[in-house]
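Since the structure comes first, as C-alpha cells, the remarks are kept for the end.
Numbers restart at 1 for each chain; the letters A, B, ... are given by sequence-line order, proteins then strands.
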Amino acid sequence: MSEDDDRQQSPPSDLEFVSNKARNCNATGSGSGNPEFQSAYPDQVLENVLHFLTSKRDRNAVSLVCKSWYRVEALTRSELFIGNCYAVSPARATARFARVRALHLKGKPRFADFNMMPSDWGAHFNPWALAMAKAYPWLEKVHLKRMSVTDDDLATLAELFLGFKELVLVCCDGFGTSGLAIFVNKCRQLKVLDLIESESSDDEADWISCFPEGESHLESLIFDCVECHINFEALERLVARSPSLKKLRLNRYVSIGQLYRLMVRAPQLTHLGTGSFSSSEIAGQGDQEPDYVNAFAACKTLVCLSGFREIILDYLPAIYPVCANLTSLNFSYANITAEQLKPIISKCHKLQVFWVLDSICDEGLQAVAATCKELRELRVFPVDAREDSDGPVSEVGLQAISEGCRKLQSILYFCQQMTNAAVITMSKNCPDLVVFRLCIMGRHRADHVTGEPMDDGFGAIVMNCKKLTRLAVSGLLTDKVFDYIGRHGKLVRTLSVAFAGDSDMGLKYVLEGCPQLQKFEIRDSPFGDAALRSGLHHYYNMRFLWMSSCRLTRRGCQEIARAMPRLVVEVIRSADEEEVDDAVEILYMYRSLEGPRTDAPKFVTIS
Amino acid sequence: MEVGLKMGFEETELRLGLPGGGEGGEVVRKRGFSETVDLKLNLSSSKQDTSGMDPNDEKVTGLNKEKNLLLSATDPAKPPAKAQVVGWPPVRSFRKNILATAIRKSGSDESSGEKVAFVKVSMDGAPYLRKVDLRMYTSYHQLSDALAKMFSYFTIGNCGSQGLKDFMNESKLMDLLNGSDYVPTYEDKDGDWMLVGDVPWEMFVESCKRLRIMKGTEAIGLAPKAVEKCKKMS
C-alpha cells in the first residue's frame with residue numbers, strides 16, 4: 001500500500017495475500033513454538049518504539065515482521081501514502097490503519113496530463129473523503145495528485161474535519177472557486193492551501209474574501225494556477241493578518257503594483273510566486289512607481305522565486321537583491337533571452353533548482369553552467385512545444401551544463417536535436433544523476449551529427465549514473481537501448497518510453513532486467529502480446545504499466561488478466577468511438593486488492 | 001497487427017480550441033507578427049490533398065502513417081493533417097496554454113494597450129471550432145490564408161484594398177457571394193453579423209467578437225447591412 005518514491009523499494013505490503021504468512025518471531029525467552037505468537041512485552045512498548053518511525057519504507061518492513069508488529073505498526077502509522085487510489089479501497093485502508101492524520105493519494109497515470117486519457121476516466125476523491133470522514137475525523141492533511149475533486153469534496157473536508165490544516169492539490173481538477181470559498185471559510189485552522197497545476201472553474205466566487213476574519217494560521221497559500229480575478233483588497237488584508245505566512249504564489253491577475261503592496265506586508269516570505277510581472281496600467285511620465293527593488297531587498301529570507309507570468313522586462317532588475325540567496329528559481333513562464341538572463345543568473349551562486357524556457361538558448365545555459373555550481377535540478381521547457389519548431393537549445397547547452405554543474409541530480413531537457421556524445425559526457429560528468437529525462441521533440445530523430453540512433457547515449461546514462469531511478473528516453477532508438485537499460489538500470493523505478501524500439505525484445509529486456517521497475521509508461525512503440533507476457537513475473541511488484549498505441553490485442557491483455565487475478569487490466573478506447581477490432585489503443589494495468597473497479601466509465605473495459 | 005486509429009483524441013485536441021491549443025492560435029515568438037499559422041499543416045487552399053501525408057516526412061513510422069492516413073481518409077471534410085500527434089511532445093496543456101498567453105503579452109510590448117484578441121471560428125458543416133488570435137495577423141490577407149489552412153474547403157472572397165472596394169459596390173458583392181462556396185462573417189461589438197473585409201483591418205480586430213464561415217448563399221442577407229455600414233464610414 002505504501003511506496004517510497006525516492007528510495008529503495010521495499011517489499012510491497014499492500015498485498016495482504018503475500019504478507020499473511022504467519023511469521024513467528026522469537027522473542028527472548030519465549031520460544032514456545034506455539035503458532036499463536038506470545039509477545040514478551042506488551043504492545044504498548046512496541047507502540048512507543050514504532051512511533052518514531054516515519055519512513056514509509058521502514059514501516060512497510062516492520063509490518064512484515066510478524067502479526068503483532070503488523071498490528072502495532074497499523075496503529076501507529078499516521079501518514080498514509082497510497083500511490084494508486086485503485087490499488088486498495090477506502091474501506092480496506094481505514095480498516096487497517098486506525099489513527100491516520102495525513103493522507104497522500106495519487107490517481108490518474110501521468111500520461112493523462114497530456115490529453116492521452118479520455119476525461120471522466122476516474123480517480124474520484126469522493127469515496128475517500130466520505131470514508132475518511134467516518135474513520136479519521138481528526139484528519140489534518142490531505143495531499144492529492146491527479147485526482148478528481150469536486151466542490152462537495154472540498155466542503156466535506158472543511159465541514160467534517162474540525163482540525164483540518166493542510167490541503168495540497170497537484171494536477172487535480174473537478175472543482176471551482178465556489179468550492180474554494182466554502183473550504184477556506186470553514187477551515188478555521190487552515191495552515192496550507194497549495195493548488196499546483198490544477199484546473200479549477202471560475203464560478204466567480206470571491207473566495208479570497210471568504211477566509212475568516214481575525215488572525216489566520218496560514219503558512220502557505222499557493223494559487224498561481226487558479227484562473228480567476230481575485231479581490232485584491234481582501235487578499236492584502238489576509239496577508240496582513242497572516243504573520244506565519246511563508247509561501248505565497250499569486251495568480252496572473254495580481255499586477256506588479258499589487259505584488260509590491262503584498263511584499264511590503266510580508267517580508268518574512270521564503271517562497272514567492274509573482275503574479276503577472278507587469279502592471280495593469282501603463283504608468284504615466286510623472287507617476288511614482290513603487291520601489292520594487294527595495295521591496296525585494298526587504299525579503300531577507302526569500303529563497304524560492306517563481307511566477308513572472310506576463311513579464312515586462314523593465315521590472316526584472318528588481319529581483320537582483322534576492323538572487324544571491326535564491327536556491328530555487330522558476331522562469332519557466334518567462335520568455336527571456338540569454339542576454340536578459342545573464343545579469344540575473346550571474347548572481348545566483350546558491351541556486352539548486354532552476355526551471356527555464358529554451359528561449360535562453362545554449363548561450364543562456366552556458367551562463368547557468370558558469371555560475372550555478374550548486375545546481376541539483378534543471379528543467380528546460382520549450383517555448384514552442386511542437387515537433388517541428390526551431391530548437392534554440394541543443395547538445396551544446398547540455399554539454400555546458402554537464403561541465404559546469406557537476407552536482408546535478410535531476411534534469412528534464414526538451415530539445416530538437418541531440419548527440420550521443422553530449423549525453424555520454426553528461427553521464428560521466430554528473431554521476432549523481434537520479435533523474436534523467438531527455439525529450440528530443442522530433443520523433444525518431446537520430447544523433448544529428450553521426451546519424452546514429454541515440455542508444456549509446458542513454459546506454460551511457462544507465463551505465464555510469466549508478467543512482468539513476470528515473471529515466472525518460474526519446475529520439476531514434478532501437479532495441480539496443482532497452483538491452484542497456486535491462487542490463488544496467490538496476491535501480492530504475494520509473495521509465496518513460498515513446499516512439500522507440502524495433503520489436504518485442506525491447507520490452508522483454510526491460511521487464512526481465514529491471515527488478516525495481518515500478519512505473520512504466522510506453523507509447524507508440526512496436527511491442528506486442530508476446531512481450532507483455534514476459535513481465536508476468538514482475539507485474540505484482542509494479543504500481544502500473546501503461547501502453548498506448550503499441551501492438552497489443554484484447555486477447556493478449558485478457559491472457560494477462562487471467563494469469564494474474566490481482567491485476568486490474570484496463571483497456572481504454574477513445575470516449576466516442578465504438579469498439580472496432582481486437583487492437584488495443586490504451587492498456588493501463590495495475591495491481592489491486594479490490595478487483596475491477598465499479599466506477600469505470602463505458603469506454604473502459606476491464607478484462 | 002494494425003493499431004486502429006480512433007479519431008477521438010485528435011478530435012478532442014482540435015475541438016478544445018484552447019488558447020494556443022488550435023493550430024491557428026499557436027504560440028507566437030517575440031520576433032513579431034511575421035509568423036502566421038503553423039506552416040507545416042501542409043494545407044493549402046489550392047491543393048486538395050486528401051492523402052494528408054507529407055511525402056517528404058521520413059520520420060513517420062508505419063504506425064503513425066496509418067494514423068495520419070486514417071485521419072484524412074475517413075472524413076475528407078476535416079483538414080488533412082500532418083497532425084501534431086496527441087500528447088507529443090509531453091508538455092502539459094496547462095503549461096502550453098499559459099505560455100501562449102504569456103508570450104503574446106510579452107511579445108506585444110511594442111504596441112500599446114495590447115489585449116489578447118482570441119475569437120472563436122466556426123464553419124458551417126465543420127464539427128468543431130477553432131480559435132484564432134487576430135493579433136497574430138496584420139491584414140485580411142494573412143487571416144484569409146490562415147483560415148484557409150484551417151478549413152481547407154473554404155474560399156474567401158477577395159480581401160484587401162480591392163476587396164474593400166468590392167464590398168462597397170453592391171452588385172459586385174452579390175457576384176462574389178453567389179460565386180464562392182463559403183464566406184467569412186463576423187459578429188461585431190454591437191452583436192451584428194457582418195461580412196469580413198468591410199472595415200479597415202485594425203477596426204475589424206477591435207470589433208470582432210467571433211468569426212463564422214458560412215455558406216455564401218446564407219451570407220447574402222448580410223450584404224445590404226455591410227454595404228450600409230461601409231457607406232456610413234466613408
Side-chain angles (χ1 to χ4, degrees), chain A residues 111 113-116 118-119 171 197-199 225 252 276 278 282 308-313 332-337 357 359 381-389 414 439 441-445 472 496 498-499 523-524 526 528 549-553 573-577 580-585, chain B residues 1-13 16 18 20-21 23 26-31 35 38-40 54 57-64 66-67 82-109 112-113 116:
Chain A
F111 273 1
D113 290 351
F114 313 123
N115 296 338
M116 291 173 70
S119 53
C171 299
E197 293 195 32
S198 295
E199 255 186 66
C225 63
R252 64 183 176 97
S276 97
S278 56
I282 298 160
F308 306 104
R309 291 276 293 264
E310 285 145 15
I311 192 168
I312 286 189
L313 293 156
S332 65
Y333 298 118
N335 188 352
I336 58 175
T337 64
L357 288 175
S359 57
F381 293 96
V383 161
D384 189 354
R386 289 177 302 172
E387 277 192 74
D388 33 27
S389 60
F414 283 85
C439 180
M441 291 192 276
R443 289 171 280 155
H444 311 287
R445 206 162 277 175
S496 194
F499 307 102
R523 64 167 295 175
D524 293 275
S549 305
C550 296
R551 298 232 170 110
L552 300 174
T553 69
R573 58 171 198 278
S574 334
D576 48 3
E577 292 292 323
V580 171
D581 54 18
D582 201 32
V584 163
E585 191 167 354
Chain B
M1 188 69 66
E2 314 293 49
V3 175
L5 167 76
K6 316 290 190 256
M7 290 195 293
F9 293 165
E10 252 101 299
E11 194 69 23
T12 315
E13 177 93 320
L16 284 177
L18 293 167
E23 270 82 340
E26 269 297 7
V27 164
V28 175
R29 299 275 183 74
K30 255 174 98 168
R31 291 193 218 109
E35 291 161 312
D38 176 12
L39 298 172
K40 301 282 167 54
D54 178 350
D57 185 6
E58 286 139 12
K59 299 178 212 133
V60 178
T61 60
L63 285 168
N64 297 306
E66 281 146 19
K67 264 195 180 155
K82 175 192 186 285
Q84 297 292 321
V85 174
V86 172
W88 188 263
V91 175
R92 294 195 181 127
S93 34
F94 175 77
R95 178 175 286 282
K96 276 194 211 172
N97 296 342
I98 289 174
L99 220 46
T101 321
I103 285 158
R104 221 178 356 269
K105 286 244 165 167
S106 66
S108 53
D109 278 353
S112 58
V116 174

Comparing A/Pro382, A/Ser276, A/Ser332 against chain B, the one with the most heavy-atom pairs below 4.5 Å turns out to be A/Ser332
When every non-hydrogen atom of B/Pro89 is compared with those of A/Phe414, the smallest separation belongs to CB-CE2, 4.2 Å
Item to check | Heavy-atom donor-acceptor pair, A/Arg443 side chain to B/Val85 backbone, under 3.5 Å | outcome: no
One should read off an interatomic distance between A/Asn115 CG and B/Arg92 CZ, to the nearest 0.5 angstrom, of 12.0 Å
Checklist entry - Counting distance only, does the side-chain N/O of B/Arg95 pair as donor-acceptor with the main-chain N or O of A/Phe381 below 3.5 Å? => result no
Legend entry - Enclosure of A/Glu197 CD (heavy-atom neighbours >12, cutoff 6.0 Å): yes
Under 4.5 Å to a heavy atom of chain B? For A/Cys225 that would be both
